[in-house]
Amino acid sequence: MKAYLGLGTNIGNKRRNLITAGALLAEQCGDVLSVSSFYETQPWGFHSENQFLNAALLLETGMSPEELLHETQRIEREMGRTEKSNGVYQDRVIDIDLLLYEDWVMQTEELTLPHPLMHQREFVLLPLAEIAPWVKHPVLGKTIEELRVANYESNL
């Protein structure tokens, strides 16, 4: 199964954080098939002096979405993340978000697929469009590139 993940970091050695997260995902979750460029972005949803570095990654995995979520959260903790955001955003050494899992649509207490805010976030759409411009959002029915352009135009 193919899963698209969003990676972000804004403290510590940001390039190393993204590279380490990618390596741990490859080691523990499946085969990394593609990684976007790294994009420097402003914090979203909170104020911080620290810019973010974001990327998107395509992973081929045998894990279920829930198993993958639990493993990404374990990797975040292993890398030094102390708590996941629950509506209050803060600086973080690493954030790994499950954006898309094939064309699955699901909502449980701990996981919503596709990621419910991905189409509103340039820091997600820009790197994701680099590695998966033709992939269709399973709810909105638009490609990632179409969503990226629409998001960009709405922020002009």
Side-chain angles (χ1 to χ4, degrees), residues 1-41 44 51-85 89 91-152:
M1 304 296 272
K2 289 185 172 59
Y4 291 91
L5 306 175
L7 309 176
T9 175
N10 78 327
I11 54 176
N13 184 326
K14 295 180 260 189
R15 294 187 78 71
R16 183 182 306 143
N17 293 346
L18 293 181
I19 291 166
T20 299
L24 290 170
L25 287 163
E27 182 181 294
Q28 299 168 19
C29 300
D31 294 327
V32 173
L33 302 180
S34 185
V35 180
S36 74
S37 301
F38 296 169
Y39 293 84
E40 193 169 60
T41 63
W44 188 92
Q51 299 270 11
F52 271 83
L53 204 57
N54 294 97
L57 180 145
L58 170 58
L59 182 75
E60 187 158 3
T61 185
M63 295 180 170
S64 71
E66 294 86 354
E67 290 169 330
L68 183 57
L69 175 68
H70 294 151
E71 192 60 25
T72 61
Q73 290 172 340
R74 194 190 63 68
I75 290 169
E76 289 175 338
R77 288 190 302 275
E78 181 180 327
M79 290 183 63
R81 179 131 186 217
T82 54
E83 58 187 67
K84 197 73 170 160
S85 302
Y89 299 108
D91 291 332
R92 62 206 74 156
V93 68
I94 193 68
D95 186 30
I96 305 171
D97 286 332
L98 184 47
L99 304 174
L100 297 164
Y101 187 93
E102 294 284 335
D103 60 353
W104 289 31
V105 176
M106 64 180 283
Q107 185 165 0
T108 67
E109 194 170 300
E110 65 179 351
L111 179 62
T112 300
L113 288 172
H115 189 288
L117 298 175
M118 66 178 276
H119 64 286
Q120 299 173 3
R121 297 175 168 178
E122 183 179 3
F123 66 86
V124 170
L125 294 172
L126 196 58
L128 188 56
E130 180 185 329
I131 64 170
W134 61 91
V135 170
K136 278 204 173 187
H137 189 289
V139 173
L140 302 176
K142 294 183 178 183
T143 67
I144 300 304
E145 179 62 15
E146 289 170 330
L147 292 172
R148 185 197 63 76
V149 169
N151 180 270
Y152 174 78

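- A pairwise comparison of heavy atoms in G8 and L18 identifies N-CD2, 4.1 Å as the closest pair.
- Residues D97 and L5 are not in side-chain contact: their nearest non-hydrogen atoms beyond the backbone lie 4.5 Å or more apart.
- Counting only distance, with no hydrogens or angles, the side chain of E102 and the backbone of K2 share a donor-acceptor pair below 3.5 Å.
- Between the side chain of T9 and the backbone N or O of V93, at least one donor-acceptor pair lies under 3.5 Å.
- Side-chain contact between E66 and E110: present, with at least one pair of heavy atoms (C-beta onward) separated by less than 4.5 Å.
- Note that the CZ atom of R16 and the CD1 atom of I94 stand 13.0 Å from one another [nearest 0.5 Å].
- Contact annotation: the side chain of R92 never approaches that of I11 to less than 4.5 Å [non-hydrogen atoms, C-beta and beyond].
- A heavy-atom distance below 4.5 Å is not found between the side chains of I144 and K136.
- Using a 4.5 Å cut-off on side-chain heavy atoms (C-beta onward), L99 and V124 make contact.
- In summary, the side chains of E146 and H137 do not present any donor paired with an acceptor at a separation below 3.5 Å, with no hydrogens or angles considered.
- Using modelled atom types, one side-chain atom of K14 and one backbone atom of Q51 make a donor-acceptor pair closer than 3.5 Å.
- Atom CD in Q73 sits 10.0 Å away from atom CG in D95 (nearest 0.5 Å).
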Tabulate below the donor-acceptor pairs under 3.5 Å that side-chain atoms of residues 111-120 make, not counting sequence neighbours, or state none.
residue : atom : partner : partner atom : Å
H115    : ND1  : L117    : N            : 3.1

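- Of all non-hydrogen atoms in A3 and L68, the two that sit nearest each other are CB-CD2, 3.6 Å.
- Under a 3.5 Å cut-off, the side chain of S36 and the backbone N or O of A56 do form a donor-acceptor pair.
- When side chains are defined from C-beta on, L25 counts as touching L57, because their heavy atoms get closer than 4.5 Å.
- Although no hydrogens or angles enter the test, the distance criterion places no donor-acceptor pair under 3.5 Å between the side chain of T20 and the main chain of N17.
- For the pair E122 (side chain) and N151 (backbone), a donor-acceptor distance under 3.5 Å is absent.
- With a 4.5 Å cut-off on side-chain heavy atoms, L100 and P138 count as touching.
- In this structure, A129 and E145 approach most closely via the heavy-atom pair CB-OE1, 3.6 Å.
- Within the 3.5 Å criterion, the main-chain N or O of C29 finds a donor-acceptor partner in the side chain of T61.
- Taking the side-chain hydrogen bond (donor to acceptor under 3.5 Å, both in side chains) definition, one finds that T41 meets it with N54, sequence neighbours left out.
- When the ring-ring contact (aromatic ring centres under 6.0 Å, His included) test is applied to Y101, the partners found at least two apart in sequence or on another chain are W104.
- Here ring-ring contact (aromatic ring centres under 6.0 Å, His included) pairs that include residues 16-41, with residues two or more places apart or in two chains, number zero.
- With sequence neighbours excluded, the residues that form a side-chain hydrogen bond (donor to acceptor under 3.5 Å, both in side chains) with E67 are S64.
- Atom CG of L33 and atom CG of L58 lie 4.5 Å apart (nearest 0.5 Å).
- Nearest heavy atoms, L24 versus E78: CD2-OE2, 3.6 Å.
- Take E71 and apply the salt bridge (charged side-chain N to carboxylate O under 4.0 Å, His left out) test, not counting sequence neighbours, and it matches R74.
- Smallest separation of non-hydrogen atoms from L98 and P65: CD2-O, 3.8 Å.
- When side chains are defined from C-beta on, Y4 does not count as touching L59, because their heavy atoms never get closer than 4.5 Å.
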